[in-house]
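Note sheet for the following structure.
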Amino acid sequence: MKKFKSYFLLLFEGLRTFAKASKWGTFILVILVPIEALVPTGIIFSIQKVTTELTKGSAFSMSWGIFWAVLLLISNIIPPATTAISGYLTDVLIANINQKLIEKSSEIKNLEVFEDAEFYNDVETVRSELSWRPVNLIVFTLSNVRYIISLLSLLILLFNYTWWLPLAIIIVLVPQSLIHYRIQQEAFETLVTRRPEARKMNHLLEIALNRDYAKEARLFNVFNFLKKRYWTLFYSVHKEENRVRLRQFGIALAFIIVSSLVSAFSFIYLIFQVRSGTLSIGIIVGFASSLVAAISASNGLVEESDLLYDTLMWLEKYLKLMKRSFDKSGNIKISEINQIKLENIMFFYPNEKRASLCGISLEIKKGEKIAIVGQNGSGKSTLLKLLADLFVPTKGKILINNVDLREIKQELYWEKVAPVFQDFSKFKFSIGDSISFGKMGEVEKALDFSGLAEFTSEIQLGKEFAGTDLSGGQWQKLAIARAFYKENVELYLFDEANSALDVQSEKQLYRKLMELASGKTVIWITHRMTSVKLADKVLYLKNGRVLGFDSHENLLKNNDYASLYQEQFDD
Ligand SMILES: Nc1ncnc2c1ncn2[C@@H]1O[C@H](COP(=O)(O)OP(=O)(O)OP(=O)(O)O)[C@@H](O)[C@H]1O
C-alpha cells in the first residue's frame with residue numbers, strides 16, 4: 001500500500017511538472033481526457049438503450065441513436081486534439097526539464113560531486129533517457145487517467161447488471177497491479193543497478209562509431225574485442241532482466257485465466273436470465289460490450305501503468321536531483337587577490353586512500369609568477385584545481401587575502417580567475433562564442449594574442465555542426481584565447497597550456513602572458529623547463545609534497561631539481 005501511495009504521489013508530481021511546463025496545455029488535457037474516457041461507456045449505454053427501445057418498438061430509440069452519433073463524433077474529434085496538445089506539452093516539458101538541469105548544474109560549486117558514483121549514475125540515468133522519458137511520461141499518464149476513468153464508469157454500468165462482477169474485477173485487478181508494480185520496480189532497479197554495465201556497453205558502441213576513436217580503433221583493430229566484450233556484458237545484464245520478465249508473464253497469465261473464468265461465468269449467468277425472461281435482450285448487448293470494454297480497460301491499465309511506473313521511477317530520479325542541494329558558497333566579497341596562502345593542505349580524491357597532496361604550505365603574493373614542476377602524478381593539476389576553488393582541501397586552508405576561500409563568494413572569486421586546464425573543453429560553437437560565451441568584446445584581439453589571428457570569430461567549430469575542426473595546438477590556443485579574453489582577471493592558472501604548442505608559439509604564449517598579466521599573479525604548470533626562468537619562484541612537487549619553493553637559481557642547488565632540469569637538455 002505504501003508503494004501505491006508513493007506511486008500516486010509521484011503521479012501527482014508528474015502532473016505538477018506538466019503544469020509548470022504549460023498551464024494551458026495541462027488544463028485543456030485535464031478537461032479533454034476525462035470526456036474522452038467517458039465516451040466508450042456512453043456509447044455502450046446508448047447502444048443498449050437503442051436495442052431495448054427497439055425491442056419495445058418505442059420512438060425513443062431515435063433519440064438514443066442521435067445521442068450515440070454525437071458521442072461517436074466526440075470520440076473521433078478528441079483523440080487528434082489530445083495528440084496535438086500532448087505533442088506540444090512534450091516539447092515544452094523537454095525544454096523545461098533541460099533548462100532546469102542546466103540551472104541545477106550551475107549550482108554545483110564543488111566538482112567532488114561528479115566523483116560520487118551514485119550521483120554520477122543518477123545524472124547519467126536522467127540525462128541518457130531525457131530524449132524519450134518525458135514523452136512516455138505524458139503518453140502513459142494520459143492513457144492511465146483515461147483507463148481509470150473508463151474502467152470506473154464501465155464498472156458502474158456493469159454494477160447495474162450484476163453487483164458481484166465489478167467486485168470480482170476489482171478483486172482480480174488490485175493484487176494483479178500490486179504484483180506488477182513490485183516486479184516493475186525490481187526491473188527498474190535491476191536496470192539502474194546494472195547501469196555501469198549498460199554504460200560500458202554504450203562506451204563500446206561509441207568506440208566503434210565515434211570519430212574520436214576512429215583512428216586507433218582501426219589501427220589497433222579493436223572491433224573483435226568490442227564485439228566479444230559487448231556480448232559478455234549483454235548476457236550479464238539481460239540474464240537478470242529475463243528472469244523478471246518471465247515472472248511478469250507467469251503472473252499476468254494466472255490473472256488473465258482467473259478474470260476470464262469470472263467473466264465467462266457471469267455471461268452464462270446472464271444468458272440464463274434473458275432466456276427465463278428476467279432480463280431484456282438490450283441488457284445482454286450492453287453487458288457483453290461493457291464487459292469486453294472493462295476487461296480491455298483493466299488489462300490496458302495494468303500494462304500501461306507498469307510502463308508509467310517505470311517512467312515515474314525515472315521522474316523520481318529527476319526530482320531527487322532537482323531537490324538535491326549542493327554546498328553553498330561563502331558570502332565574503334573580494335575585489336582583488338592580493339595574497340594566496342596555503343596552510344598545511346592535504347587532499348584526497350573521493351574514495352581514494354592515497355593523498356594526492358600532503359602538507360602543502362606556501363604563500364604567493366600579488367603579481368608573482370610561479371611555475372609548478374614535478375613528475376607525472378606529483379599533484380600539480382590537483383593543486384591548481386584547488387586554487388581554482390573547484391575542489392575543497394580535505395584538511396588545511398587556502399587563504400585569499402587572509403580569508404578562508406570557503407568563506408568567499410565563489411562567483412566573485414571565479415570572475416577573477418582565468419584558467420587553461422590540461423583537459424580543456426572543446427566547445428563546438430562558433431570561435432567567437434567559444435571564447436566569449438555571448439559577451440560583447442574584442443574576440444579578435446584574444447585570437448591574435450593566442451596566435452590564432454588567421455581565424456575569425458564567425459567560424460563554426462565541430463564537424464557535427466557542419467563546421468571546421470582544429471589541430472591539437474590550435475584547440476589549445478583557443479583555450480588560451482578564452483583565458484586572455486576574460487577581463488578583470490587577478491589570477492591566471494595555466495596547466496600545461498604549452499603542451500601542444502610549437503616552440504615559436506610557446507615563446508609567444510609566454511611573452512603575451514607576461515605582457516597581459518603584468519602586475520597580476522600567474523601560476524603555470526610545465527614539463528618544459530625553459531619557461532621556469534621566467535618565474536619568480538618555482539614550486540617543485542613530488543608525490544604530493546613540496547620539495548622546493550624558491551627561485552630557479554636557488555632551487556638548482558637541490559640535486560633532485562637540478563637533475564630534473566638538466567635531464568631536459570641532455571641527449
Ligand atoms: N579524479 C581523480 N580521482 C582519483 N585520483 C586522482 C584523480 N585525478 C588525479 N588523481 C590522482 O592524484 C594524483 C595527482 O594527480 P595530478 O593529476 O594532480 O598529477 P600531475 O602532477 O598533474 O600529473 P601530470 O604531470 O601527469 O599531469 C595522482 O596519483 C593521480 O592518480
Self-check item: K380 side-chain N/O to G374 backbone N/O, donor-acceptor pair under 3.5 Å
Solution: yes
Practice problem: Ignoring hydrogens and angles, state whether a donor on the side chain of D502 or S505 is under 3.5 Å from an acceptor on the partner side chain. | Solution: yes
Quiz item: Does P134 offer a backbone N or O that forms a donor-acceptor pair with the side chain of W314 under 3.5 Å?
Solution: no
Quiz item: Looking at L447 and F455, what are the two nearest heavy atoms and their distance?
Solution: CD1-O, 3.4 Å
Quiz item: Atom CG of L564 and atom CG of N559: how far apart are they, to the nearest 0.5 Å?
Solution: 12.5 Å
Exercise. Using a strict 4.0 Å threshold on nitrogen-to-oxygen distance, state whether K317 and E124 make a salt bridge.
Key: no
Quiz item: When the aromatic ring centroids of Y510 and W524 are compared, is their separation below 6.0 Å?
Solution: yes
Exercise. Look only at the side chain of S457 and the backbone of G432, and say whether a donor-acceptor pair between them is shorter than 3.5 Å.
Key: no
Quiz item: Do any N or O atoms from the side chain of S378 and from the backbone of Q375 form a donor-acceptor pair under 3.5 angstrom?
Solution: yes
Self-check item: K537 bridged to D550 by N-O distance under 4.0 Å
Solution: no
Practice problem: Check whether more than 12 heavy atoms from other residues, nucleotides or ligands sit under 6.0 Å from atom CD of E103, and answer yes or no. | Solution: yes
Exercise. For the residue pair Y485 and V443, establish whether any side-chain heavy-atom pair is separated by less than 4.5 Å.
Key: yes
Quiz item: Does a side chain donor of either Q339 or N401 reach within less than 3.5 Å of an acceptor in the other side chain?
Solution: no
Self-check item: Straight-line distance of L384 CG to E496 CD, nearest 0.5 Å
Solution: 10.5 Å
Quiz item: Got a salt bridge between D122 and K320, using NZ or NE/NH1/NH2 to carboxylate O under 4.0 Å?
Solution: yes
Quiz item: Does Y213 have its ring centroid less than 6.0 Å away from the ring centroid of H203?
Solution: yes
Quiz item: Thinking salt bridges, do R211 and D469 make one under a 4.0 Å N-O criterion?
Solution: yes
Practice problem: Determine, using ring centers only, whether F437 and F427 are less than 6.0 Å apart. | Solution: yes
Quiz item: Between the side chain of R127 and the main-chain N/O of V123, is any donor-acceptor distance below 3.5 Å?
Solution: no
Exercise. Start with the C-alpha gap between I337 and K366, add the side-chain angles, then the distance that decides, and say whether side-chain contact (heavy atoms from CB on, under 4.5 Å) holds.
Key: CA-CA 7 Å; I337 299 177; K366 185 182 173 100; over 6 Å; no
Quiz item: Cut-off 3.5 Å, side chains only: do K557 and N554 have a donor facing an acceptor?
Solution: yes
Quiz item: Which heavy atom in I431 sits nearest to a heavy atom in T456, and how many Å separate them?
Solution: CB-O, 3.7 Å
Quiz item: Quick one: does W414's side chain get under 4.5 Å of D389's, heavy atoms only?
Solution: yes
Review item, side-chain donor-acceptor pairs of residues 345-362, under 3.5 Å, at least two apart:
from: Y349; atom 1: OH; to: T382; atom 2: OG1; distance (Å): 2.9
from: Y349; atom 1: OH; to: K385; atom 2: NZ; distance (Å): 3.4
from: S361; atom 1: OG; to: N344; atom 2: N; distance (Å): 2.8

Self-check item: Side-chain touch V538/I370, heavy atoms, less than 4.5 angstrom
Solution: no
Quiz item: Counting only heavy atoms not in E216, do more than 12 sit closer than 6.0 Å to its CD atom?
Solution: no
Quiz item: Under the side-chain contact (heavy atoms from CB on, under 4.5 Å) criterion, do E454 and Q474 qualify, and how do the steps go?
Solution: CA-CA 11 Å; E454 72 269 31; Q474 286 168 335; 3.9 Å; yes
Exercise. Determine whether L386 and L405 make a side-chain contact, defined as any pair of heavy atoms from C-beta on separated by less than 4.5 Å.
Key: no
Quiz item: When you measure from the side chain of E363 to the backbone N and O of L342, does any donor-acceptor pair fall under 3.5 Å?
Solution: no
Exercise. Enter the distance from E415:CD to I334:CD1 here, rounded to the nearest 0.5 Å.
Key: 9.5 Å
Practice problem: Answer yes or no: does atom CD of Q504 have more than 12 heavy-atom neighbours from other residues, nucleotides or ligands under 6.0 Å? | Solution: no
Quiz prompt | Side chain proximity check, L534 to L513, heavy atoms < 4.5 angstrom | solution = no
Self-check item: S131 versus V135, closest heavy-atom pair with distance
Solution: O-CG2, 4.2 Å
Quiz item: Do Y318 and L137 pass the side-chain contact (heavy atoms from CB on, under 4.5 Å) test, and can you show the C-alpha distance, the side-chain angles, and the key distance before you say yes or no?
Solution: CA-CA 12 Å; Y318 164 74; L137 190 61; over 6 Å; no
Exercise. Enter the distance from K369:NZ to I364:CD1 here, rounded to the nearest 0.5 Å.
Key: 11.5 Å
Exercise. For atom NZ of K397, decide whether the heavy atoms of other residues, nucleotides or ligands shown that lie under 6.0 angstrom number more than 12.
Key: no
Practice problem: Test the K512-F449 pair against the cation-pi criterion, namely NZ or CZ under 6.0 angstrom from the six-membered ring centroid and within 45° of the ring axis. | Solution: yes
Quiz item: Can L555 and L547 be said to form a side-chain contact (heavy atoms from CB on, under 4.5 Å), step by step?
Solution: CA-CA 10 Å; L555 274 182; L547 282 203; over 6 Å; no
Quiz prompt | Residue W24 excluded, over 12 heavy atoms near CH2 under 6.0 Å | solution = no
Quiz item: Has the side chain of D404 got a donor or acceptor atom that lies under 3.5 Å from a matching backbone atom of E407?
Solution: no
Practice problem: Measure the acute angle between the ring planes of F484 and F494, then classify it against the limits of 30° and 60° as parallel, tilted or perpendicular. | Solution: tilted
Exercise. Inspect the surroundings of CG in N543 and state if more than 12 heavy atoms from other residues, nucleotides or ligands are less than 6.0 Å away.
Key: no
Exercise. Inspect the contact between K365 and E368 and indicate whether a charged nitrogen and a carboxylate oxygen are less than 4.0 angstrom apart.
Key: no
Quiz item: Okay, side chain of E13, backbone of L10: is any donor-acceptor separation there less than 3.5 Å?
Solution: no
Self-check item: Non-hydrogen atoms of S531 and T526 that approach each other most closely
Solution: OG-CG2, 3.4 Å
Quiz item: Looking only at heavy atoms, what is the nearest atom pair of V237 and E197, with distance?
Solution: CG2-CB, 3.5 Å
Quiz item: How long is the span from the CZ atom in R229 to the CD1 atom in I207, to the nearest 0.5 Å?
Solution: 9.5 Å
Quiz item: Any side-chain heavy atom of V489 within less than 4.5 Å of one from V417?
Solution: no
Quiz item: Has the side chain of K104 got a donor or acceptor atom that lies under 3.5 Å from a matching backbone atom of M322?
Solution: yes
Quiz item: How about S499 and Q422: does a side-chain donor come under 3.5 Å of a side-chain acceptor?
Solution: no
Quiz item: Just wondering, more than 12 heavy atoms not from Y88 lying within 6.0 Å of its OH?
Solution: no
Quiz prompt | Q476 to A500 - nearest heavy-atom pair and separation | solution = OE1-N, 2.7 Å
Quiz item: So with a 6.0 Å cut-off around CD of E107, is the heavy-atom count from everything else above 12?
Solution: yes
Practice problem: Answer whether the closest heavy-atom distance between the side chains of H552 and L556 falls below 4.5 Å. | Solution: yes
Quiz prompt | Plane angle bin for Y565 and Y561 - parallel if under 30°, tilted between 30 and 60°, otherwise perpendicular | solution = parallel
Quiz item: Distance-only, no hydrogens or angles: does the T311 side chain make a donor-acceptor pair with backbone N or O of L307 under 3.5 Å?
Solution: yes
Practice problem: Any chance you could measure N121, atom CG, to S128, atom OG, to the nearest 0.5 Å? | Solution: 10.0 Å
Exercise. State, with a plain yes or no, whether a side-chain heavy atom of L478 is found less than 4.5 Å away from one of S434.
Key: yes
